[in-house]
Amino acid sequence: MDYFLILYFLAGALEDFFVTLNWRYVAKEKPFSAAFFSFLAMVVNMAVVYNILTALDSTRSVLAIIVFSLGIATGTFLAMKFNPDFKAIFSTKRRTKKPATVIATPNEKPLLSPVPEKTYVS
């Protein structure tokens with residue numbers, strides 16, 4: 001297998017990862033982040049299209065477009081699983097866990113639960 005297929009797959013994944021993050025930032029009304037990821041996505045996309053049109057023959061171009069499209073699908077999946085909350089990722093605050101509360105109903109033994117619902121403490 002030629003290395004160009006792997007590169008087109010990775011480029012497709014990266015390009016659509018950027019596009020999906022762009023859409024998420026547009027939905028959150030964050031214009032700077034949306035514009036930044038839109039720029040990155042278009043740079044990758046135009047570089048790949050230029051390379052396919054100028055460097056590959058007709059039979060390899062079709063295969064490259066299919067592999068690039070598979071990479072785009074993968075990039076969408078990965079970006080939807082990615083949490084783009086960079087403030088939380090790079091925060092210097094320590095996250096503390098909430099202590100579990102002891103709950104018990106009148107006729108049961110106490111249970112440990114992080115989220116109490118209609119509790120009776122005995």
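FYI, side chains are in, hydrogens and waters are out, and symmetry mates aren't considered; it's all heavy atoms of this structure.
- Taking the six-membered ring for Trp and thresholds of 30 and 60 degrees, F36 and F32 have nearly parallel ring planes, at less than 30 degrees apart.
- Clustering of Ile, Leu, Val, Met, Phe, Trp and Tyr side chains at separations under 4.5 Å leaves M42 isolated, with no partner residue.
- Going from atom CZ of R24 over to atom CE of M80 covers 6.0 Å, rounded to the nearest 0.5 Å.
- Under the 4.5 Å side-chain heavy-atom criterion for Ile, Leu, Val, Met, Phe, Trp and Tyr, I65 and L5 are members of the same hydrophobic cluster.
- Sorted by first and then second residue, the side-chain hydrogen bond (donor to acceptor under 3.5 Å, both in side chains) pairs involving residues 68-78 (not counting sequence neighbours) are D16-T76.
- Across I52, N45, N51, a single residue satisfies side chain to side chain contact (heavy atoms under 4.5 Å, CB included) together with V49, and that is N45.
- Between the side chain of T54 and the backbone N or O of Y50 there is at least one donor-acceptor pair closer than 3.5 Å.
- Remark: L78 CG to L14 CG distance equals 10.5 Å, nearest 0.5 Å.
- Residues A11 and V44 come closest through the heavy atom pair O-CG1, 3.5 Å.
- Hydrophobic clustering of Ile, Leu, Val, Met, Phe, Trp and Tyr side chains at less than 4.5 Å, counting indirect connections, unites I6 with F68.
- Between F4 atom CZ and F9 atom CZ the span is 14.5 Å, to the nearest 0.5 Å.
- In the hydrophobic clustering of this structure, M46 does not group with V43; members are Ile, Leu, Val, Met, Phe, Trp, Tyr whose side-chain heavy atoms approach within less than 4.5 Å, directly or through other members.
- V19 forms part of a hydrophobic cluster together with W23, judged by ILVMFWY side-chain heavy-atom separations under 4.5 Å.
- In this structure, the separation between CG on N22 and CZ on F17 is 12.5 Å, given to the nearest 0.5 Å.
- Ring geometry for F18 versus F37: interplanar angle of 30 to 60°, hence tilted.
- Hydrophobic clustering (side-chain heavy atoms under 4.5 Å, transitive across Ile, Leu, Val, Met, Phe, Trp, Tyr) groups F77 together with L21.
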